[in-house]
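Below is one structure; the comments refer to it alone.
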Amino acid sequence: AQKVTQAQTEISVVEKEDVTLDCVYETRDTTYYLFWYKQPPSGELVFLIRRNSFDEQNEISGRYSWNFQKSTSSFNFTITASQVVDSAVYFCALSEGSTLGRLYFGRGTQLTVWP
Amino acid sequence: DAGVTQSPTHLIKTRGQQVTLRCSPKSGHDTVSWYQQALGQGPQFIFQYYEEEERQRGNFPDRFSGHQFPNYSSELNVNALLLGDSALYLCASSLGGAGISEAYNEQFFGPGTRLTVL
């Protein structure tokens with residue numbers, strides 16, 4: 001079974017639009033970590049954020065914000081006022097307390113921001 | 001401070017051959033994990049090395065093996081290559097050790113090695 005589901009395969013927006021990337025996870029562990037990574041065309045995964053299962057406080061960092069809801073097992077990522085440089089593949093990932101260090105990735109969402 | 005480095009950048013092999021990929025972790029990191037990313041997919045965990053031993057392994061056949069050296073660098077070996085082994089191979093480093101800590105989970109990824117099997 002897929003532990004991390006990113007239902008949106010591709011999203012296209014025009015610059016300055018807001019966009020939300022969805023992530024749903026599945027785990028039986030009570031201790032776990034959720035991540036978002038960005039993968040530009042160069043291929044290197046860039047770490048964006050990490051949340052632990054005991055901290056449901058939403059976070060804002062500049063144009064980025066994250067909404068973590070344990071009740072719906074979701075960890076959504078919003079980019080406000082998108083820019084062309086935001087174009088990339090975004091991955092949501094899960095690390096469980098029982099297998100720390102091993103990341104389970106979703107299939108990714110390709111975001112294209114048009115000028 | 002050098003980040004995670006991988007070599008080579010690109011590699012082309014034919015079916016049945018063997019390949020070795022290399023990874024140097026971020027300075028100060030002692031744990032190396034390898035991931036396979038097929039085109040259009042998310043990375044899949046292959047295995048993780050700590051203190052020169054394989055600590056965890058994903059659902060990959062024995063054709064995939066690895067090694068970690070005393071300086072924490074690592075190699076990924078794939079024998080009897082199949083067409084389906086064509087992928088981007090990513091190395092990630094982190095700070096391991098006994099116990100559970102937030103730092104244990106923060107993994108830094110290298111640029112990857114693009115392997116093409118013909």
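Computed from a predicted model, the values in this text were never measured in an experiment. Chain identifiers are assigned alphabetically (A, B, ...) following the order of the sequence lines, protein sequences preceding nucleic acid strands; residue numbering begins at 1 within each chain.
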Item to check | Nearest heavy atoms of B/V4 and B/S93, plus distance in Å | outcome: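 For B/V4 versus B/S93, the nearest heavy atoms are CG2-OG, 3.4 Å.
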Checklist entry - Of the listed residues (B/P111, B/G42, B/P43), which shares the most heavy-atom pairs with chain A below a 4.5 Å separation? => result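 Most heavy-atom pairs within the cutoff with chain A belong to B/P43.
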Checklist entry - In terms of heavy-atom proximity below 4.5 Å to chain B, should A/Q6 be classed as side chain, backbone, both, or neither? => result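 For A/Q6, there is no contact with chain B at all, as no heavy atom is under 4.5 Å.
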Checklist entry - Given that the side chain runs from C-beta out, which part of B/Y35 has a heavy atom under 4.5 Å from chain A: side chain, backbone, both or neither? => result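 Contact with chain A: side chain only.
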Item to check | Side chain, backbone, both or neither of B/Q37 within contact of chain A (heavy atoms, under 4.5 Å) | outcome: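 B/Q37 touches chain A through side-chain heavy atoms alone.
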Checklist entry - Under the side-chain contact (heavy atoms from CB on, under 4.5 Å) criterion, do B/F45 and B/S33 qualify, and how do the steps go? => result CA-CA 8 Å; B/F45 177 79; B/S33 301; 4.2 Å; yes
Checklist entry - Given the rule that I, L, V, M, F, W and Y join up when any side-chain heavy atoms are under 4.5 Å apart, are A/V4 and A/W66 in one cluster? => result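 Per the 4.5 Å side-chain linkage, A/V4 and A/W66 are co-clustered.
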Checklist entry - Any chance the rings of B/F47 and B/Y49 have centres within less than 6.0 Å? => result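 Centroid separation for B/F47 and B/Y49: below 6.0 Å.
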Checklist entry - What about the rings of A/F47 and B/F108, do their centers lie closer together than 6.0 Å? => result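 Here the rings of B/F108 and A/F47 have centres that are no less than 6.0 Å from each other.
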Next on the checklist: Check whether A/F68 forms a cation-pi arrangement with A/R51 (NZ or CZ under 6.0 Å from the six-membered ring centre, at most 45° off the ring normal).
Outcome noted: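 Judged by the rule, A/R51 and A/F68 form no cation-pi pair.
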Checklist entry - Is a side-chain donor or acceptor of A/Q39 paired with a backbone partner of A/F91 at a separation under 3.5 angstrom? => result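 Checked: no pair found.
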Next on the checklist: Any salt bridge linking A/E26 with A/K3? Criterion: basic side-chain nitrogen under 4.0 Å from a carboxylate oxygen.
Outcome noted: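 No, no charged N to carboxylate O under 4.0 Å.
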Checklist entry - Can you name the residues of residues 79-92 of chain B that have some heavy atom under 4.5 Å away from a heavy atom in chain A? => result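 Interface residues of residues 79-92 of chain B: B/L88, B/L90.
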